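Data first, discussion second: the structure below is written as structure tokens.
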There are 2 protein chains.
Amino acid sequence: MPTTTAAQRREQARADYDAFLRECPTNQLLGRLSDKWVSLVVAALAPGPMRYSDLGRKIAGVSPKMLTQTLRTLERDGIISRTVTPSVPVRVDYALTPLGTSLAGLLTAVKAWAETHFDDVRAARETYDTENPA
Amino acid sequence: MPTTTAAQRREQARADYDAFLRECPTNQLLGRLSDKWVSLVVAALAPGPMRYSDLGRKIAGVSPKMLTQTLRTLERDGIISRTVTPSVPVRVDYALTPLGTSLAGLLTAVKAWAETHFDDVRAARETYDTENPA
DNA sequence: GAGAGCTACTATCCATTGGTAAGTAATTAC
DNA sequence: GTAATTACTTACCAATGGATAGTAGCTCTC
């Protein structure tokens, strides 16, 4: 066994994991899905199609910029569809694709977890803050 | 019915939804869970406990700053536990709590979705980019 | 026909966040 | 005394995200 310095070993480990990262698209896609607005938009569309301004009103706190940005990337990823009706004024409907529907099931499960376990989390926070005063 | 300007109505709608946001803790917690590093850390800990540096090596691309930050908030939220062994050098183990384990099941499901559907997403992206040239 | 209003966005500016890289503490090994 | 270990901080800077205002195209009202 040849002697390797710690620096060499660290560099080797880094190279291995960088390669792993490049070859494994899961992390990238998971990072994409792990977005605040993505989960909210998908959850909002789960019951049925919605218009742009309805989404903006339903998802409290989203800016038009982020709403448009999120909708565009979700459309590009084939998770939602965008339908323009050239009436006056223009009407744009967004809906989940079959792919998006399969994802929505999981994300609403996470949402449901957040709902049922929020009290546990809040209790944990209070305990933590009591034990670790600022 | 008194006349209301559009500005007034917009302000009213904003106030309503801000109130809704404040009363509904789900959105806040969901936003917390919808974090790139949160899902990666929970997924990494799902098989079993891990040390700080092991997590840093397993999760490619995470900086010590973000790793510490993510671990702290997850500990505060009662999702992971932190155990310090005062050896030399110090050894710190992180593990999922029962609460964290219940969440891990959902997040690994999302991870599995990303794995199985990545080809669909990539195909959708190619189609989109062909139809919408820069 | 002038102004307000509707929808679905862009554009701009600025505060916050996140990444990079270097430093720290306490101790052992050489 | 120098290097190495682990588990972090800290400082700096680029990039992201949020608030706000503006735009286009048409209609409706007065």
Side-chain angles (χ1 to χ4, degrees), chain A residues 3-11 13-14 17-18 21 27 31-32 34-41 49-75 80-94 132, chain B residues 3-15 17-18 21 27-28 31-32 34-41 49-75 80-95 132:
Chain A
T3 43
T4 51
T5 65
Q8 281 175 323
R9 260 174 281 134
R10 241 180 287 124
E11 198 174 351
R14 171 178 292 267
Y17 282 108
D18 279 354
L21 185 65
N27 286 355
R32 183 67 72 82
S34 298
D35 178 78
K36 186 183 174 187
W37 301 124
V38 164
S39 45
L40 287 172
V41 165
M50 272 201 163
R51 301 174 57 180
Y52 178 87
S53 52
D54 290 335
L55 283 169
R57 259 174 256 122
K58 173 151 189 172
I59 303 172
V62 70
S63 64
K65 173 185 166 185
M66 287 314 295
L67 184 54
T68 302
Q69 202 174 100
T70 306
L71 290 169
R72 285 292 135 78
T73 61
L74 287 178
E75 187 197 357
I80 63 173
S81 65
R82 181 174 182 270
T83 313
V84 179
T85 308
S87 60
V88 171
V90 187
R91 174 197 174 99
V92 182
D93 286 277
Y94 292 95
N132 306 45
Chain B
T3 43
T4 52
T5 66
Q8 280 175 325
R9 261 173 280 134
R10 241 180 285 123
E11 198 175 351
Q12 183 57 38
R14 169 180 295 267
Y17 283 108
D18 279 355
L21 185 66
N27 287 354
Q28 301 166 31
R32 183 67 71 82
S34 298
D35 179 77
K36 186 183 174 185
W37 302 124
V38 164
S39 45
L40 287 172
V41 164
M50 272 202 163
R51 300 174 57 180
Y52 179 87
S53 52
D54 289 336
L55 282 169
R57 257 174 257 120
K58 173 150 188 171
I59 303 173
V62 70
S63 64
K65 174 185 165 185
M66 286 315 294
L67 185 54
T68 301
Q69 204 175 99
T70 306
L71 291 168
R72 285 290 136 77
T73 60
L74 287 178
E75 186 197 358
I80 64 173
S81 65
R82 181 173 182 269
T83 312
V84 179
T85 308
S87 61
V88 171
V90 186
R91 174 197 175 98
V92 181
D93 286 277
Y94 292 94
N132 306 45

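Everything quoted here is computed from the prediction, not taken from an experiment. Sequence lines set the chain letters: A, B, ... in the order given, protein chains first and strands last, and positions in each chain run from 1.
- In this view, B:T70 satisfies the side chain to side chain donor-acceptor pair (under 3.5 Å) rule with no residue, not counting sequence neighbours.
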Under a 4.0 Å heavy-atom criterion, the protein footprint on nucleotides 23-30 of chain D, written with B, S and -, is --BSS---
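- Residues satisfying the side-chain contact (heavy atoms from CB on, under 4.5 Å) criterion with B:S63, sequence neighbours excluded, are B:K65, B:M66.
- Taking A:R82 as the reference, A:Y94 meet the side chain to side chain donor-acceptor pair (under 3.5 Å) condition, with sequence neighbours excluded.
- Residue B:R91 places none of its side-chain N or O atoms closer than 4.0 Å to OP1 or OP2 of D:dC8.
- Side-chain atoms of A:S34 and B:S34 form no donor-acceptor pair, as typed in the model, at a separation below 3.5 Å.
- To the nearest angstrom, P of D:dC8 lies 14 Å from CZ of B:R57.
- Residues satisfying the side chain to side chain donor-acceptor pair (under 3.5 Å) criterion with B:T68, sequence neighbours excluded, are B:Y52.
- Rounded to whole Å, atom C1' of D:dG17 lies 15 Å from atom CG of A:L40.
- Remark: A:R51 pairs with no residue by the salt bridge (Lys or Arg N to Asp or Glu O under 4.0 Å) rule, at least two apart or across chains.
- Using a 4.0 Å cut-off, some side-chain N or O of A:R51 falls inside it from OP1 or OP2 of C:dA8.
- Set against D:dG18, C:dT7, C:dG19, the side chain of B:K36 has C:dG19 as its closest nucleotide.
- Contact between the side-chain N/O atoms of B:Y52 and the OP1/OP2 oxygens of D:dT9 is not found at any separation under 4.0 Å.
- A heavy atom closer than 4.0 Å to some atom of DNA chain C occurs in B:S63, B:K65, B:M66, B:Q69, these being the qualifying members of residues 63-73 of chain B.
- In this structure, CH2 of B:W37 is placed 17 Å from P of C:dT17, rounded to the nearest angstrom.
- For A:T73, the side-chain contact (heavy atoms from CB on, under 4.5 Å) criterion is met by A:R32, not counting sequence neighbours.
- The side chain to side chain donor-acceptor pair (under 3.5 Å) test applied to A:R91 returns A:D93, not counting sequence neighbours.
- Put simply, CG on A:D35 is 15 Å from P on C:dT17, counting in whole angstrom units.
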